Colleague: 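I am attaching a structure below and will ask some questions about it afterwards.
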Amino acid sequence: METNNSKVLLIYTGGTIGMIKDYQTGALRAFEFDNLYKRIPELSHLDCEISVHSFEKVIDSSDMNISHWERIAQSIEENYQEYDGFVVLHGSDTMGYSASALSFMLENLSKPVIFTGSQLPIGDLRTDARENLITSIRLASLKENEQPVIKEVCLYFEYKLYRGNRTTKIDAENFQAFDSPNYPTLAESGVHLKVH
């Protein structure tokens, strides 16, 4: 599997993953996704081109509703031909609901749409945001014989890729916040990335 020449669109809707802590005041502020490569230089090691589309007004995931799902779907539809994969950055509280809804809204996908988020802001010392973001982009850019490996709506969190409409949030305090009790994981990230 390779990622050569893949183009991935990050769609930032809101959530903890897009926040950075001001260590002087303790307040959270929005992460500047325009400076993505500067802030997360590891992304330059991925063999793909990353673009960012941020919602003008970020959404707390507890406020997520059908109109927001429509906006996410529309962003994907409008950019579908231009990109090989999509990563939706989302608050974790309702991410399972959004991934499930989008899996039914986006029928007959031939490209990956991967939801991810984090328990801690991207600027925190012990954050899970970096790994979730980097691996989600890697999964969204995977190709085999010039075709995307993943062709559905998924949710990636804490080293596991789940089918989007089979996930549930099980924990608000631990990094392993999601599970898919009735369906096996689609991929696991460890020393090697294993796609099942």
Side-chain angles (χ1 to χ4, degrees), residues 8 10-33 35-36 39-43 46 50 52-55 57-65 68-69 72 85-103 112-140 150 153-191 193-194:
V8 174
L10 286 184
I11 300 170
Y12 175 53
T13 66
T16 302
I17 193 167
M19 296 290 140
I20 192 163
K21 187 181 282 185
D22 182 326
Y23 283 99
Q24 292 181 335
T25 65
L28 293 177
R29 59 182 167 79
F31 179 80
E32 295 173 13
F33 281 96
N35 297 321
L36 191 62
R39 297 260 186 190
I40 308 173
E42 301 94 315
L43 290 174
L46 294 175
I50 304 165
V52 180
H53 169 71
S54 293
F55 278 20
K57 185 179 177 200
V58 295
I59 304 157
D60 185 296
S61 71
S62 62
D63 295 329
M64 190 63 68
N65 60 42
H68 299 128
W69 294 340
I72 296 167
F86 303 87
V87 174
V88 180
L89 304 179
H90 194 292
S92 64
D93 288 341
T94 58
M95 184 163 40
Y97 297 103
S98 294
S100 184
L102 266 287
S103 75
V113 174
I114 300 177
F115 280 78
T116 197
S118 65
Q119 295 286 63
L120 292 174
I122 204 161
D124 271 22
L125 187 62
R126 296 180 48 251
T127 189
D128 55 331
R130 278 172 136 43
E131 197 283 325
N132 288 348
L133 176 63
I134 291 167
T135 304
S136 292
I137 293 169
R138 174 102 167 92
L139 287 162
I150 298 160
V153 177
C154 302
L155 188 153
Y156 179 81
F157 216 91
E158 189 63 11
Y159 306 112
K160 292 183 179 175
L161 182 71
Y162 304 103
R163 175 158 283 166
N165 55 25
R166 295 298 185 99
T167 59
T168 185
K169 188 168 182 184
I170 58 168
D171 202 318
E173 296 293 320
N174 292 301
F175 288 139
Q176 193 169 343
F178 287 86
D179 195 15
S180 178
N182 299 313
Y183 200 84
T185 56
L186 302 179
E188 292 180 49
S189 175
V191 174
L193 192 56
K194 295 179 184 175

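The model shown is predicted, which means the values in this text are computed figures rather than measured ones.
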Colleague: Can you name the side chain to side chain contact (heavy atoms under 4.5 Å, CB included) partners of Asp124, sequence neighbours left out?
Modeller: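 Asp124: side chain to side chain contact (heavy atoms under 4.5 Å, CB included) contacts with Lys21, Tyr23, Leu120, Pro121, Thr127.
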Colleague: If you round to the nearest 0.5 Å, how far is CG of Leu193 from CD of Glu188?
Modeller: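 Separation between the atoms: 10.0 Å.
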Colleague: Measure across Gly96 and Phe178 and return the closest heavy-atom pair with its distance rounded to 0.1 Å.
Modeller: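 So the two residues come closest at N-CE2, 4.1 Å.
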Colleague: Does Leu43 reach the side chain of Ile134, with side-chain heavy atoms less than 4.5 Å apart?
Modeller: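 Yes. Closest side-chain heavy atoms under 4.5 Å.
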Colleague: Would you say the side chain of Leu133 lies within less than 4.5 Å of the side chain of Leu10, judging by non-hydrogen atoms?
Modeller: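 Yes - at least one pair of side-chain heavy atoms lies under 4.5 Å apart.
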Colleague: Which atom pair, heavy atoms only, marks the closest approach of Asp93 to Lys169?
Modeller: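 Scanning both residues, the minimum pair turns out to be OD1-NZ, 2.9 Å.
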Colleague: For the residue pair Ala140 and Val87, what are the closest heavy atoms and their distance?
Modeller: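 Reported closest heavy-atom pair: CB-CG2, 3.8 Å.
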Colleague: Just one of Leu139, Val88, Val8, Leu155 clears the side chain to side chain contact (heavy atoms under 4.5 Å, CB included) bar with Ile114, so which one?
Modeller: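 The option that passes is Leu139.
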Colleague: For Ser118 and Ile17, which heavy atoms make the closest approach, and how far apart are they?
Modeller: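 Of all heavy-atom pairs spanning Ser118 and Ile17, the closest is OG-CA, 3.1 Å.
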Colleague: Ser189 and Arg138: side-chain contact (heavy atoms from CB on, under 4.5 Å), yes or no, with the steps?
Modeller: CA-CA 10 Å; Ser189 175; Arg138 174 102 167 92; over 6 Å; no
Colleague: Is the shortest side-chain heavy-atom distance between Ile72 and Val113 below 4.5 Å?
Modeller: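 When only atoms from C-beta onward are counted, Val113 and Ile72 do not touch, as no gap falls below 4.5 Å.
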Colleague: For Thr167 and Asp179, what are the C-alpha separation, side-chain angles and deciding distance, and is it a side-chain contact (heavy atoms from CB on, under 4.5 Å)?
Modeller: CA-CA 6 Å; Thr167 59; Asp179 195 15; over 6 Å; no
Colleague: Are Ile150 and Leu186 close enough that some pair of their side-chain heavy atoms sits under 4.5 Å apart?
Modeller: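 Side chain of Ile150 against side chain of Leu186, heavy atoms only: no contact under 4.5 Å found.
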Colleague: Between atom CG of Asn132 and atom CD1 of Ile122, what is the distance when rounded to the nearest 0.5 Å?
Modeller: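 Asn132 CG to Ile122 CD1: 9.5 Å, rounded to 0.5 Å.
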Colleague: Atom CD1 of Ile59 and atom OH of Tyr12: how far apart are they, to the nearest 0.5 Å?
Modeller: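 If I round to the nearest 0.5 Å, the distance is 9.5 Å.
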Colleague: Is a side-chain N or O of Ser100 found less than 3.5 angstrom from the main chain of Tyr97, in a donor-acceptor match?
Modeller: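 Flag not set: sc Ser100 to bb Tyr97 has no pair under 3.5 Å.
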Colleague: Grab the two heavy atoms, one from Met64 and one from Thr94, that are nearest each other, plus how far apart they are.
Modeller: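 In terms of heavy atoms, the two residues are closest at CB-OG1, 3.7 Å.
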Colleague: I want to check something: taking the side chain as every heavy atom from C-beta on, are Thr16 and Gln119 in contact at a cut-off of under 4.5 Å?
Modeller: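 Thr16 does not reach Gln119 side chain to side chain.
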Colleague: Supply the atom-to-atom distance Tyr183 OH to Arg163 CZ, rounded to the nearest 0.5 angstrom.
Modeller: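 Tyr183 atom OH to Arg163 atom CZ measures 3.5 Å (nearest 0.5 Å).
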Colleague: Minimum heavy-atom separation for Ala99 and Gly164, please, with both atom names.
Modeller: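 Shortest heavy-atom contact: CB-O, 3.7 Å.
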Colleague: When you look at CZ of Phe55, are more than 12 heavy atoms from neighbouring residues, nucleotides or ligands closer to it than 6.0 Å?
Modeller: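 More than 12 within 6.0 Å, yes.
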